[in-house]
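Here the structure comes first, spelled out in structure tokens, and everything after it is commentary.
The figures here come from the full heavy-atom set of this structure, side chains too, leaving out hydrogens, waters and symmetry mates.
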Amino acid sequence: MDSAVLLALSLNFMMISLLSVGGGGATIPEMHRNAVDVHGWMSGAQFAELYALAQAAPGPTTTMFASLIGWKAAGPWGALVAVSSILAPSCLLTYFGNRTWDRYRETRWREIVQAGLVPVTVGLMFAAAWLVTSGAVHGWPTLAIAALSAAAMIMTRWNPLWMIAAGAVAGLLGWV
């Protein structure tokens, strides 16, 4: 058990926990920066694979993804530290912030803050999609599959599991 890695996991995920404006998906760029670029716990492709695994698993994706990153970095203790570190700060902030938010329901500053968070959330979600896609694309076949999947998801109301199944079939057939 490497205490330096556990400390880095804890500090990174506590900070990331407080950045999850708009949902856990908005934290993907920072998770990528820390896990791949800063600490080198995994490659971009491994990051994308772990993200896909977290997406396919039942339950909260961000929590599952944090545990997978922690496991990759430091085994079972890393998973435990990563999950507890990503949950604790945001839970405490949510509890106390919600009490304050409700108290000032009719104030002008609340409307301004809420309106300002919309573009931040959208930008973070686009950054997350870009990072995961760039880590998963390894050539024109995977680029075509990613583009077709994105187009299908935008233009139809298909269940995302169909895209996952299509990607699995493409992999089994050796197309990617």
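- For Val83, the side chain to side chain contact (heavy atoms under 4.5 Å, CB included) partners at least two apart in sequence or on another chain are Thr63, Ser67, Leu87.
- Counting only heavy atoms from C-beta outward, the side chains of Met64 and Gln55 never approach each other to under 4.5 Å.
- The ring pair (Phe, Tyr, Trp, His ring centres under 6.0 Å) test applied to Phe47 returns His32, Phe65, not counting sequence neighbours.
- Judged as a side chain to side chain donor-acceptor pair (under 3.5 Å), and not counting sequence neighbours, Ser3 has no contacts.
- Applying the ring pair (Phe, Tyr, Trp, His ring centres under 6.0 Å) test to Trp77 and every residue at least two apart in sequence or in another chain returns nothing.
- The hydrophobic cluster around Val137 extends to Leu143, counting ILVMFWY residues whose side-chain heavy atoms fall within less than 4.5 Å of a member.
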Indicate every side-chain donor-acceptor pair of residues 149-174 with a distance under 3.5 Å to a residue at least two apart or in another chain.
| from | atom 1 | to | atom 2 | distance (Å) |
| --- | --- | --- | --- | --- |
| Ser149 | OG | Ile145 | O | 2.8 |
| Thr156 | OG1 | Ala152 | O | 2.4 |
| Thr156 | OG1 | Trp158 | N | 3.3 |
| Asn159 | OD1 | Leu161 | N | 2.9 |

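- Side-chain contact check for Ile86 versus Met31: some heavy-atom pair is nearer than 4.5 Å.
- Qualifying side chain to side chain donor-acceptor pair (under 3.5 Å) partners for His39, counting only residues two or more places apart in sequence or in other chains: Asn12.
- Residue-environment remark: CH2 (Trp101) exceeds the threshold of 12 foreign heavy atoms within 6.0 Å.
- Leu9 has its side chain within reach of Trp41: a pair of non-hydrogen atoms, C-beta onward, lies under 4.5 Å apart.
- Thr142 pairs by the side chain to side chain donor-acceptor pair (under 3.5 Å) definition with nothing, not counting sequence neighbours.
- Grouped by direct or indirect side-chain proximity (heavy atoms under 4.5 Å, Ile/Leu/Val/Met/Phe/Trp/Tyr only), Met14 sits with Leu7, Leu11.
- The side chain to side chain donor-acceptor pair (under 3.5 Å) test applied to Trp140 returns no partner, not counting sequence neighbours.
- Partners of Phe126 by ring pair (Phe, Tyr, Trp, His ring centres under 6.0 Å), not counting sequence neighbours: none found.
- Pairs engaging residues 106-121 under the salt bridge (Lys or Arg N to Asp or Glu O under 4.0 Å) rule: Arg108-Glu111 [sequence neighbours left out].
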